[in-house]
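Any value given below was found using the heavy atoms of this structure, including those in side chains, with hydrogens, waters and symmetry copies removed. Protein chains get the first letters and strands the later ones, always in sequence-line order, with residue 1 at the start of each.
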There are 2 protein chains.
Amino acid sequence: MAKTKKKESQWETATNEKLAEAGFRRGGARAAVVSLLDEQSCALSAYEIEELLAARERAVGRASIYRILEQLDELGVVSKVELGQAQARYEPIRPDHHHHHLVCDKCGAVIAFDDAPLERAVDSISKRVDFAVEGHEIVLHGLCADCR
Amino acid sequence: MAKTKKKESQWETATNEKLAEAGFRRGGARAAVVSLLDEQSCALSAYEIEELLAARERAVGRASIYRILEQLDELGVVSKVELGQAQARYEPIRPDHHHHHLVCDKCGAVIAFDDAPLERAVDSISKRVDFAVEGHEIVLHGLCADCR
DNA sequence: CTAGCGATGAGACTGATTCTCAGGCTAGCT
DNA sequence: AGCTAGCCTGAGAATCAGTCTCATCGCTAG
Ligand SMILES: [Zn+2]
Ligand SMILES: [Zn+2]
Ligand SMILES: [Zn+2]
Ligand SMILES: [Zn+2]
């Protein structure tokens, strides 16, 4: 069966470069995770990643998934987001698509949103506090249109 | 030994009233947790609550602590905050002391801060989205002054 | 082509949180 | 005050996400 050769996006390319620069060797498991993340516009849980990869012809061990996600997080190419759902989610960081999340407390739906004034307010605070701010996470809780 | 009779604050009083209104009976475990939370200005983890209560003369079972915190969260008098530390923290909601947190990724220190422009930005978004926003959580990650 | 060493994954382990259920206590009634 | 229904508690088992261990696999420098 012919393998679907997808076009690598900016993110996947940049991520592979950073991995190489950081001294990592190439490996099938990591490539599969990076490739899957590259297709996402919002966050996936480690469990979802495990399932999606298994559904393709490239299952990856759970230990590897967590190890890889941690490496990507440290490299600054992936963001670990805690939406108060007792499990972390991970999404690729694309400078041109910075966003935050609305979480439905009833059905768990996650909706992305972005807002310039909000970012400005956060940047402003970051400069004022005696703290080296490296990132921020903003989550709005409530009920989605369907659950209301 | 004389028991230190503390003055009930606005929060503890209001919480007890809401519990009664919601049809809850009174109970020693819950009263102890509510009283402890009332003394806090920022968030405690369930484990810390368990220890602090045990250190006094009123140990409360772990199951009860979690059950009670969940009830208080549902009543809207306690906020469950996830600071990305693999464990939730809980703090009383005091309308006049609304705040958010700075978390040191190195040592885990939690520092509270508040910012009017930030709240305004969040309120503004809340009104614009097709989502019934009931609350929000903002966490800034980075390195505290000591760990830098 | 081969050795050396990073990459991988099965499964045990940990730690936080949730569940179960027997016994305790409150609130309401007599 | 005494009695009862049913909420309140807590010890310990069960879950579950996430972490660790370690034997094996497979890059890649040479
Ligand atoms: Zn997202
Ligand atoms: Zn919903
Ligand atoms: Zn706080
Ligand atoms: Zn620190």
Item to complete: I would like to know whether L44(B) and L36(B) meet side-chain contact (heavy atoms from CB on, under 4.5 Å); could you show each step before the answer?
Response: CA-CA 10 Å; L44(B) 290 182; L36(B) 175 67; 4.3 Å; yes
Worksheet entry | salt bridge (charged side-chain N to carboxylate O under 4.0 Å, His left out) involving R94(A) - partner list, sequence neighbours excluded | D38(A)
Throw together a table of side-chain donor-acceptor distances under 3.5 angstrom for residues 117-126 of chain B, partners on residues two or more places apart or in other chains.
from	atom 1	to	atom 2	distance (Å)
E119(B)	OE1	H98(B)	NE2	3.1
E119(B)	OE1	H136(B)	NE2	2.9
E119(B)	OE2	H98(B)	NE2	3.2
E119(B)	OE2	H100(B)	NE2	2.9
S124(B)	OG	R128(B)	NH2	2.8
S126(B)	OG	V122(B)	O	2.8

Discussion item. Using the side-chain hydrogen bond (donor to acceptor under 3.5 Å, both in side chains) criterion, which residues pair with D130(B)? Sequence neighbours excluded.
Written reply: R148(A)
Discussion item. Without decimals, in angstroms, what is the distance between E50(A) CD and dA17(D) P?
Written reply: 10 Å
Worksheet entry | Set of residues satisfying side-chain hydrogen bond (donor to acceptor under 3.5 Å, both in side chains) with respect to H99(B), sequence neighbours excluded | E91(B), H101(B)
Fill in: By side-chain hydrogen bond (donor to acceptor under 3.5 Å, both in side chains) - contacts of R56(B) (at least two apart)
E39(B)
Filtered N/O pairs between nucleotides 7-13 of chain D and protein, under 3.5 Å:
from	atom 1	to	atom 2	distance (Å)
dC8(D)	OP1	R25(B)	N	3.0
dT9(D)	OP1	G27(B)	O	3.3
dT9(D)	OP1	A29(B)	N	3.3
dT9(D)	OP1	R30(B)	N	3.1
dG10(D)	OP1	R58(B)	NH2	3.0
dG10(D)	OP2	G61(B)	N	3.2
dG10(D)	OP2	S64(B)	OG	3.0
dG10(D)	N7	S64(B)	OG	3.4
dG10(D)	N7	R67(B)	NH2	3.0
dG10(D)	O6	R67(B)	NH2	2.9

With a cut-off of 3.5 Å and sequence neighbours excluded, list every side-chain donor-acceptor pair involving residues 63-87 of chain A.
from	atom 1	to	atom 2	distance (Å)
Q71(A)	OE1	R30(A)	NH1	2.8
Q87(A)	OE1	S45(A)	OG	3.1

Discussion item. Angle between the end axes of the helix from dC1(C)-dG30(D) to dT30(C)-dA1(D), five pairs per end, to the nearest 10 degrees?
Written reply: 30°
Worksheet item: Which residues pass the salt bridge (charged side-chain N to carboxylate O under 4.0 Å, His left out) test with E137(A), sequence neighbours left out?
Response: none
Fill in: Atom-pair distance (OH on Y90(A); P on dA17(D)), nearest Å
12 Å
Worksheet item: salt bridge (charged side-chain N to carboxylate O under 4.0 Å, His left out) with E48(B): which residues, sequence neighbours excluded?
Response: R89(B)
Fill in: Outermost nucleotides of DNA chain C that come under 4.0 Å of a non-hydrogen atom of chain B
dA16(C) to dA27(C)
Item to complete: Report the residues that fulfil side-chain hydrogen bond (donor to acceptor under 3.5 Å, both in side chains) with D114(A), sequence neighbours left out, ordered by chain and then residue number.
Response: none
Worksheet entry | Rounded distance in Å - CD (Q87(A)) to C1' (dT15(D)) | 14 Å
